[in-house]
Amino acid sequence: MWFRRDLRVADHPALSAAATRGEVVCLWVIDPQILGRRHHQAPERLRFLRAGLAALDGELRRLGAPLVIRTGRPEDVVPHVAVEAGASRVHLTHEVSPLGLARDARVAGALSAAGITLESFGGDLLAEPEDLAGSSGKGYLVFTPFSRAWGAIDIPRLITAPALTGPTLPSESLDALGSGEPRIPAGPAAARAAVVAFIASGRADQYGDARNALADDGTSRLSAYLRFGMTSPAQIGRALGLPGEISAGRYAFWRQICWRDFYHHHLKRHPEVSRMALRPAFRRIQWDNDLADLGAWERGETGFPIVDAGMRQLAAEGWMHNRARMITASFLVKDLLIDWRRGESVFMRKLLDGDPANNNGGWQWTAGTGTDAAPYFRVFNPTLQAQKFDAAGEYVRRWVPELRDVPGNRIHEPWRLTTEEQRAAACRLDVDYPLPRVDHARRRREVLERYRATGAAAGDP
Ligand code: FAD
């Protein structure tokens with residue numbers, strides 16, 4: 001059993017299939033090629049992964065077989081370990097990313113040359129792309145019809161963790177992934193506890209109302225667990241009470257799991273989106289890509305408090321609220337005129353939940369270059385977003401302490417403070433907190449001109 005993004009033992013079709021067939025060796029491959037990629041130079045996420053693997057090892061040992069760690073190219077390591085173990089078959093869970101699919105194809109070829117079968121299973125998504133092909137047979141480009149078809153899918157019965165037996169093979173250390181404690185507890189047991197706590201606390205029932213309030217902990221924070229398969233969509237669906245009647249809040253939350261499946265299907269069907277805009281005209285946008293602007297954005301020093309709060313939350317927690325992700329991403333693309341792929345890369349390196357499918361989907365949605373049904377000329381106004389989703393300024397006060405004493409929602413427009421008010425709030429503009437880096441209204445006109453210049457009509461496929 002070759003583990004990748006499926007670090008759990010229950011509701012694991014591949015592991016269960018392997019266990020029913022005989023002795024099992026559980027393998028994790030440290031792939032230096034992946035670790036060397038810029039997107040994956042993400043110390044916080046690697047720490048979380050490392051702790052998750054240690055926890056998985058503990059659970060596997062209790063079931064009867066430890067996790068074997070090996071380093072090298074998977075197309076060398078997997079066949080080598082299979083031969084060492086005398087295995088006739090290698091089990092794994094399906095991938096969707098272009099990098100992962102290319103790697104799996106190389107491994108399949110190497111195994112086949114050694115006379116070993118590779119078998120791939122579902123379980124990471126509620127539905128596989130092949131199950132939801134739509135009337136065109138090519139899948140869906142728009143979320144709403146996808147969600148209708150997805151909602152009709154049966155939620156699989158949960159599979160219990162299997163008992164395991166198998167040979168003991170030498171194993172290496174996980175040190176290449178870094179050291180130290182992750183920001184949140186990792187592993188399948190921690191994921192189970194987080195799912196239970198989210199539902200038992202009533203937050204799942206309140207989700208529909210609370211999910212957009214930036215200062216509240218209204219969302220589940222399950223993303224890093226889902227990212228590494230420490231829990232599965234089916235486990236979450238069953239915990240929510242599906243199939244069956246559930247509250248509107250729980251249903252709104254379940255719809256987010258649908259977005260995850262949507263973007264994963266999308267990446268599998270359109271692998272080119274990992275490198276370029278889905279909509280061809282938007283591959284021609286002229287970006288400014290000013291590095292000083294990019295740096296100020298990344299550090300949370302743009303002079304737009306809501307943007308700076310989001311970026312500082314990301315730096316401090318390795319997580320950012322979804323509303324803040326939309327606001328900060330929109331600001332980078334549409335106010336700073338920086339290529340969305342630069343922002344995608346910053347997020348990938350900082351997010352605990354950094355995920356090729358969801359991150360790319362979120363960035364292309366925000367840039368208006370991907371699957372979003374809304375036209376590209378929707379440009380978020382950061383100040384209006386702040387006034388709506390952080391009305392009392394609590395979120396900004398938490399993450400931008402220089403502005404802590406600015407009263408009420410004036411915190412969202414510090415550039416309007418008089419000298420007297422700045423003195424009262426102990427915050428001098430351009431000294432303690434930056435002036436706005438750009439004029440939003442002017443940049444809005446400019447970016448729309450750049451999008452128009454590509455020749456794309458709003459709503460073009
Ligand atoms: P909840 O609101 O509790 O949602 C539950 C789960 O549903 C999430 O854990 C996640 O798995 C899934 N989900 C929720 N919203 C989305 C969405 N819009 N798209 C896809 N799946 C979703 N999510 C990631 O998991 N990894 C990323 O790298 C990532 N990058 C993003 C980049 C941008 C620019 C944007 C706008 C969104 C991004 N998202 C990403 C989606 C979303 O912001 C996070 O999944 C969510 O904030 C995670 O917090 P949560 O677990 O509390 O979410």
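Read the numbers this way: they start at 1 and go in the same order the structure lists the ligands and their atoms. All residue numbers in this chain count up from 1 along the given sequence. For the numbers below, each heavy atom of this structure counts, side chains included, while hydrogens, waters and symmetry mates do not.
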Legend entry - Under the ring-ring contact (aromatic ring centres under 6.0 Å, His included) test, residues paired with F262 that sit two or more places apart: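 Testing F262 for ring-ring contact (aromatic ring centres under 6.0 Å, His included), a comparison that skips the adjacent residues, returns F143, F146, W259.
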Legend entry - Residues D11 and R238 bridged, charged N to O under 4.0 Å: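 Here D11 does not pair with R238 in a salt bridge, since their nearest N and O are not under 4.0 Å apart.
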Inset, instruction - Could you name the protein residues that come within less than 4.0 Å of ligand 1, counting only heavy atoms, and order them by chain and residue number? - result: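 Protein residues near ligand 1 are Y207, T219, S220, R221, L222, S223, L226, F253, Q256, I257, W259, R260, Y263, W319, M320, N322, R325, M326, A329, F347, L351, D353, G354, D355, N358, N359, G362, W363.
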Inset, instruction - Could you list all the ring-ring contact (aromatic ring centres under 6.0 Å, His included) pairs where at least one residue sits in residues 320-341, not counting sequence neighbours? - result: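 Qualifying pairs, neighbours excluded: F304-F331.
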Legend entry - NZ/NE/NH1/NH2 to OD/OE distance under 4.0 Å, E446 and R443: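 Here E446 does not pair with R443 in a salt bridge, since their nearest N and O are not under 4.0 Å apart.
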Inset, instruction - Classify the side-chain pair S247/D205 by whether it contains a donor and acceptor separated by less than 3.5 Å. - result: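 Checked: S247/D205 side chains pair up, N/O donor to acceptor below 3.5 Å.
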Legend entry - Sequence neighbours excluded - salt bridge (charged side-chain N to carboxylate O under 4.0 Å, His left out) pairs with any residue from residues 301-316: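 Qualifying pairs: R299-E301, R312-E402.
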